[in-house]
Amino acid sequence: MIAKESRQALALERFAQANPQLLAEIAALSETEQQQQIQWAFEDEAQEQGVEPWELALRLIAESPEELQVMRLEVHREVAQALGMSWEEYCDFNEIDGPAS
């Protein structure tokens, strides 16, 4: 599985590679501006798909449906912890059918 720290960068890279027209449009921009445009286009794509950017990132980098599910649950666990909610309470609240702690 891809390290958490590398996921967003890899997702943006894969998104950019899958959108050669975007790369052509921004080719004359500086590297920083190109990265910003890719990030904005990525966020727009997530919105068009009706998902959060983190979900789109996971979809782009997961090697299998099983890996995608593991990474999703990992993100949800982090959110539950950040909110100070028990895993069970968080799953109930968000209608997630996750494995027990």
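Values below: all heavy atoms of this structure, side chains included; hydrogens, waters and symmetry mates excluded. No experiment lies behind these values; they were computed from the predicted model shown.
- Partners of E52 by salt bridge (Lys or Arg N to Asp or Glu O under 4.0 Å), not counting sequence neighbours: none found.
- Side-chain atoms of R7 and M71, non-hydrogen and from C-beta on, do get closer than 4.5 Å to each other.
- Summarising the geometry, atom CD belonging to Q49 is positioned 9.0 Å from atom CD belonging to E55; distances are rounded to the nearest 0.5 Å.
- For the residue pair R14 and I61, the shortest heavy atom distance occurs at NH1-CA, 3.2 Å.
- Other members of the cluster containing L22 are L12, F15, L23, I26, L29, I38, F42, V51, L56, L60, with ILVMFWY side chains joined at under 4.5 Å, either directly or via other members.
- Legend: ring-ring contact (aromatic ring centres under 6.0 Å, His included) pairs involving residues 18-40, not counting sequence neighbours: none detected.
- For residues 55-80, every residue pair satisfying the ring-ring contact (aromatic ring centres under 6.0 Å, His included) rule, not counting sequence neighbours, is listed here: W54-H76, H76-Y90.
- By the side chain to side chain donor-acceptor pair (under 3.5 Å) test, N94 is found to be paired with no residue, residues two or more places apart in sequence or in another chain being considered.
- Considering only residues two or more places apart in sequence or on other chains, Q81 meets the side chain to side chain donor-acceptor pair (under 3.5 Å) condition with none of them.
- If you take CG on L83 and CD on E89, they are separated by 9.5 Å, rounding to the nearest 0.5 Å.
- In terms of modelled atom types and a separation under 3.5 Å, the side chain of Q69 and the main chain of E66 share no donor-acceptor contact.
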Practice item. Output, in order, the C-alpha distance, side-chain angles, deciding distance and verdict of side chain to side chain donor-acceptor pair (under 3.5 Å) for Q47 and E43. Key: CA-CA 6 Å; Q47 186 174 19; E43 291 170 0; over 6 Å; no

Practice item. Mind running side chain to side chain contact (heavy atoms under 4.5 Å, CB included) on L73 and W87 for me, showing each step along the way? Key: CA-CA 10 Å; L73 289 175; W87 178 237; 4.0 Å; yes

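- For the pair R72 and R77, the minimum side-chain heavy-atom distance is 4.5 Å or more.
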Review point. Should L10 and Q8 be marked as a side chain to side chain contact (heavy atoms under 4.5 Å, CB included) after you check the CA-CA gap, both sets of side-chain angles, and the distance that decides it?
Key: CA-CA 5 Å; L10 179 58; Q8 185 68 19; over 6 Å; no

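- A donor-acceptor pair shorter than 3.5 Å can be found between the side chains of Q35 and E31.
- A 4.5 Å side-chain heavy-atom check between E25 and Q37 finds every atom pair outside the cut-off.
- Between the side chains of E67 and S64, no donor-acceptor pair is found at a separation under 3.5 Å.
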